[in-house]
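Beneath this line is the structure, given in structure tokens, with notes to follow.
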Amino acid sequence: MKAKLFKPILMVSVFIFLFTFHAVAGEVEVLHWWTSGGEARSVAVLKDLLEKEGHAWKDFAVAGGGGDTAMTVLRSRAVSGNPPTAAQVKGPQIQQWGDEGVLTNLDDVARANNWDTLLPKVVADVMKYKGHYVAVPVNVHRINWMWVNPDVFRKSGAKIPTTWEEFDAAAQKIQKAGFIPVAFGGQAWQEATVFESIVVGVGGPEFYQKTLVEADPKFLNSPTMVECFKVLRNIKKYTDKNAPGRDWNLATAMVIQGKAAMQFMGDWAKGEFTAAGKTPGVDYVAMPVPNTSESFLFNVDSFIMFDVKDKGAKQAQKAMARLILEPKFQEVFNVNKGSIPCRLGMSRKAFDDIALRCMNDFIASADMNALLPSMAHEMAVFPAIRGAMLDTVTSFYNSDMSAEKGAKNLASAVKGAM
Ligand code: GAL
């Protein structure tokens, strides 16, 4: 009797399996630059969810924080007519890929899953090309964070700084006590990450908007910008001699291990603390970069999807787009990554105090016109202008150029790139 019943059940299950998974299974090749400990844990969540639906994930990871190398590799793959299925691309660059006519339209997934109501308009607009969804957002990162090892501060008798004046006093004490005050990674994008936080703190949100978003030469070469370069120069005194070329996650490790007191970095750094099993508020503390408690420099990671011929790949692509905005992925991924969900209406239960502060500050800063796109992380200006800005900041940082010359060069490099 049992065996008789079992057979039809088995057949139905096999049919359901074949129908749901097999018939539509495909492969997605996904280009991304999430290779650090915390990042790899985060992207694995998406791979698992897709595989659970029967699709295959072909990993196309290109190491290099900030994604500059990944973007170069993507260009060459696309130029040779062989782009991956999906690629981590953000901000204004989405429009550039749209102009090339190589992206797939995701409107059907968006409509079926109510993206227009789930996403804040500022986020949705970036994902659309000529009114159609061509990209799917993953998260919201905040750039202007300072990651602190409270034990190092305690041992040095220093107070965690909230202004650049306080920073100087604290850094001197930390240095005297034999620790490295600032864990620093000397790569152009990391220098720019620190620099943009200085600009919004020293100049204020309006100044940031005029300079690093609107690229107005009058404001780029100004006494306030000179001041910003001086603050950047001052930080260098408190870094170690191995900083040049150091990856961002190795700098985070210096804070985790108690070799350094603080790091200025976006909240993907939290992913490293989490992966190392550290407890926020106990083993580490996150504070806004000095002078920036009211501002929020944002960075939204997203995936564009290329037009592919293969039916299975198309299905896998749509499944990936859908899964990314489902609550399950949004929660697990963002907890691991250190970011906050990009969709509205999520439960806050799984998130720690740092993430909760981030969520609250995101809303508060929007009300105060202090919610600003990150230049260093591709959200504010087109790549040519960003490139000019990064080049100027890195050549200033790695030479003895005066702050006045830094500001002058910034304005002329940006003019040249326009
Ligand atoms: C950013 C990206 C983050 C993080 C970081 C370091 O540009 O948005 O998700 O991965 O680079 O790699």
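Whatever order the structure lists them in is the order used to number ligands and atoms, beginning at 1. Just so it is clear, the structure is predicted and the values come from calculations on it, not from any experiment.
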For Trp268, is the NZ or CZ atom of Arg142 found under 6.0 angstrom from the centre of its six-membered ring and inside 45 degrees of the ring axis?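 Judged by the rule (NZ or CZ under 6.0 Å from the ring centre, within 45° of its axis), Arg142 is not positioned above Trp268.
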
Does Arg233 make a cation-pi contact with Tyr397 (under 6.0 Å, within 45 degrees of the axis)?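 Pair Arg233/Tyr397 does not count as cation-pi.
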
Kindly indicate whether the side chain of Leu297, heavy atoms from C-beta on, has any atom under 4.5 Å from the side chain of Ser197.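 Yes, at least one pair of side-chain atoms sits under 4.5 Å.
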
Hey, what's the ring geometry for Tyr238 with Phe167, parallel, tilted or perpendicular (30° and 60° as the breaks)?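 It falls in the perpendicular class, over 60°.
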
If you measure every N/O of Trp268 against every N/O of ligand 1, is any gap under 3.5 Å?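 For ligand 1, there is no N or O atom that lies under 3.5 Å from one belonging to Trp268.
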
Kindly confirm or rule out an N or O of Asn299 lying under 3.5 angstrom from an N or O of ligand 1.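 Yes; at least one N/O pair falls below 3.5 Å.
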
Students should be able to answer this: which protein heavy-atom is nearest to [atom], and at what distance?
atom                   : value
atom 1 (C) of ligand 1 : His377 ND1, 3.4 Å
atom 4 (C) of ligand 1 : Glu39 OE2, 3.3 Å
atom 2 (C) of ligand 1 : Asp301 OD1, 3.4 Å
atom 3 (C) of ligand 1 : Lys337 NZ, 3.5 Å

Going by heavy atoms, is Gly66 under 4.0 Å from ligand 1?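 Gly66 counts as a contact of ligand 1 under the 4.0 Å cut-off.
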
If you measure from each heavy atom of Glu378 to ligand 1, is any distance below 4.0 Å?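 Glu378 does not count as a contact of ligand 1 under the 4.0 Å cut-off.
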
From Asp361 CG over to Phe298 CZ, what is the distance, rounded to the nearest 0.5 angstrom?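 Interatomic distance, Asp361 CG to Phe298 CZ, rounded to 0.5 Å: 15.0 Å.
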
Quick one: which ligand 1 atoms are inside 4.0 Å of a heavy atom on Lys90?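 By the 4.0 Å cutoff, the relevant atoms are 1 (C), 2 (C), 7 (O), 8 (O).
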
Please find the pair of heavy atoms, one from Phe229 and one from Ala403, that lie closest to each other, and give the distance.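 Here Phe229 and Ala403 meet closest at CB-CB, 3.7 Å.
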
Checking salt bridge (charged side-chain N to carboxylate O under 4.0 Å, His left out) between Asp116 and each of Arg111, Arg343, Lys128, which is the one that passes?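 Of all the options given, the one that passes is Lys128.
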
